[in-house]
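When reading the values below, keep in mind they use all heavy atoms of this one structure, side chains included, and skip hydrogens, waters and symmetry mates. Atoms within each ligand, like the ligands themselves, are counted from 1 in listed order. Values in this document were obtained by computation on a predicted structure and should not be read as measured data.
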Amino acid sequence: MGFTENFSLFGLNTFKVNVQAKYFSEFESEDQLKALLSITHTKKLPVLILGSGSNVLFTKNFEGFVLLNKLKGIEIINEDKDSIRLKCYSGELWDDIVNYTAKNNWGGIENLSLIPGTAGAAPIQNIGAYGVELSNVLVSLEAIEITTGKTKTFSNRACLFGYRDSIFKNEFKNQYVITSIVLQLKKNPKVNIQYATLKNYFSGENNISISQVREKVIKERKSKLPDPEKLGNAGSFFKNPVLSKEKTEYLLEKFGEIPIFETKRNQFKVSAGWLIEKCGFKGIQRGDVGIYRDHALVLVNYGGESGPAIMDLANEIMATVKNKFEIELIPEVNIL
Ligand code: NAP
């Protein structure tokens with residue numbers, strides 16, 4: 001086992017950007033991962049763990065080590081009459097896990113159906129959709145420290161989860177490889193249909209099953225989001241900004257109809273998609289890049305393979321939104 005030099009990452013990122021990794025390898029076990037990490041220690045170059053490459057934008061060649069995660073497996077580690085605990089290895093596709101749990105009618109992650117990416121990537125940005133976040137069901141995770149090769153367990157609390165945020169995007173950014181996650185799901189689940197799309201669809205219905213919610217979420221996402229197999233993209237490019245009460249009041253006074261939701265006491269989330277749409281970007285195309293016609297948060301690559309062109313458009317969007325609304329958009333996608 002070793003590294004391949006100057007390896008093309010074209011097929012390994014959903015934006016379909018054609019860049020190269022200086023050194024590339026993949027791992028199927030924790031021992032293989034540790035052996036590879038010990039090689040990376042000999043050179044002072046960055047290490048990038050790649051899952052399904054669905055939340056990354058390469059703007060240039062990666063001058064370091066890219067390690068492709070192929071750690072697979074889902075195990076039941078504990079269960080009682082009300083709940084079940086699953087250990088999921090980090091190279092499993094997230095949606096394969098959701099599919100497996102929905103088939104068993106174990107509730108908790110059905111609203112997170114069809115989110116691209118691996119189980120290991122999910123805690124890094126605390127994936128969320130339709131009123132559910134990974135942090136609602138994650139008990140703990142195991143990770144290997146890149147510089148020492150040591151395994152560490154992080155409790156839910158230790159992950160410092162926030163809105164699309166965790167310790168792995170901040171203090172411990174690029175310092176750990178998450179190898180597995182433990183989820184706790186409910187055996188007699190109550191569905192969460194607080195978001196308008198789900199609430200309206202299921203209105204008046206009783207006994208809604210986990211699979212029904214999963215199917216509806218899949219249908220919604222498919223109707224609004226481009227399939228990365230057909231059109232290069234990485235889902236939502238920006239996070240929804242979280243604003244203070246004062247800022248929210250100012251915006252409501254100035255613009256009236258802005259979609260705003262209270263996340264915590266005195267913290268308000270504003271729809272980034274709405275801000276971008278109001279700046280006139282929805283559906284535009286600039287050369288080979290653009291904004292998807294059905295979703296203003298999704299930047300798309302029409303085939304130019306150019307990371308810098310996508311980043312130029314993202315910068316233009318950020319500057320225009322800042323100018324019009326005095327709000328800083330923050331990318332959700334990892335830009336390299
Ligand atoms: P939507 O339903 O049109 O709503 C627009 C935004 O308003 C969403 O981003 C959502 O925030 C927020 N929102 C709507 N109803 C809300 C409520 N009852 N309480 C609090 N916030 C509310 O959104 P959409 O674009 O079709 O997306 C639907 C869901 O899928 C959202 O949760 C979204 O985050 C998720 N999604 C994720 C990605 C991704 O790549 N990460 C891509 C597309 C959609 P939140 O985003 O905080 O939920």
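- With a heavy-atom cut-off of 4.0 Å, Tyr163 touches ligand 1 through its side chain alone.
- Side-chain rings of Phe255 and Phe325 approach one another, their centers coming within less than 6.0 Å.
- Rounded to the nearest 0.5 angstrom, Cys88 SG and Leu71 CG are separated by 12.5 Å.
- Within the 3.5 Å criterion, the main-chain N or O of Asp95 finds no donor-acceptor partner in the side chain of Asn99.
- Closest heavy-atom approach to atom 12 (C) of ligand 1 within the set Phe261, Trp274, Phe238, Phe237: this belongs to Phe261.
- Scanning all protein heavy atoms for the shortest distance to atom 27 (O) of ligand 1 gives Tyr130 OH, 4.4 Å.
- Between the choices Asn240, Val217, Ile127, Val132, the shortest heavy-atom distance to atom 46 (O) of ligand 1 belongs to Asn240.
- Among all protein heavy atoms, the one lying closest to atom 41 (N) of ligand 1 is Glu332 OE2, 2.9 Å.
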Under the criterion side chain to side chain donor-acceptor pair (under 3.5 Å), I'd like the reasoning laid out for Glu133 against Asn126: C-alpha separation, chi angles, the key distance, then a yes or no.
CA-CA 6 Å; Glu133 291 184 343; Asn126 186 18; 3.1 Å; yes

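- Within ligand 1, the atoms closer than 4.0 Å to a non-hydrogen atom of Lys269 are 11 (O), 20 (C), 21 (N), 22 (C), 45 (P), 47 (O), 48 (O), numbered from 1 in the order shown.
- For ligand 1, the polar-atom distance check against Ser271 finds no nitrogen or oxygen pair separated by under 3.5 Å.
- Considering Lys224, Arg164, Lys199 only, the shortest heavy-atom separation from atom 24 (P) of ligand 1 involves Lys224.
- In this comparison of Gln194, Arg221, His295, Glu262, the heavy atom closest to atom 36 (N) of ligand 1 sits on Arg221.
- Separating the CG atom in Asn192 from the CG atom in Asn111 is a distance of 5.0 Å, to the nearest 0.5 Å.
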For a side chain to side chain donor-acceptor pair (under 3.5 Å) check, start with the C-alpha distance between Glu220 and Tyr201, then their side-chain angles and the critical distance, and finish with the verdict.
CA-CA 11 Å; Glu220 271 301 304; Tyr201 181 76; over 6 Å; no

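- In summary, Glu145 and Lys150 do not engage in a salt bridge, as defined by a charged side-chain N under 4.0 Å from a carboxylate O.
- Among all non-hydrogen protein atoms, the one lying nearest atom 17 (C) of ligand 1 is Tyr195 CE1, 3.3 Å.
- Across all their heavy atoms, Asp80 and Lys187 have their closest contact at O-NZ, 2.9 Å.
- The side-chain tip of Lys72 does not point at the ring of Tyr89 from less than 6.0 angstrom away and within 45° of straight on.
- Residue-ligand proximity, Gly235 to ligand 1, at heavy-atom distances under 4.0 Å covers atoms 40 (O).
- Centroid-to-centroid, the aromatic rings of Phe65 and Phe24 stay 6.0 Å apart or farther.
- The side chain of Leu225, and not its backbone, has at least one atom closer than 4.0 Å to an atom of ligand 1 (non-hydrogen atoms only; side chain from C-beta on).
- In terms of protein heavy atoms, atom 40 (O) of ligand 1 is closest to Ser236 N, 2.9 Å.
- For atom 35 (C) of ligand 1, the closest non-hydrogen atom of the protein is Ala129 CB, 3.6 Å.
- Distance remark: protein heavy atom not present below 4.0 angstrom from atom 4 (O) of ligand 1.
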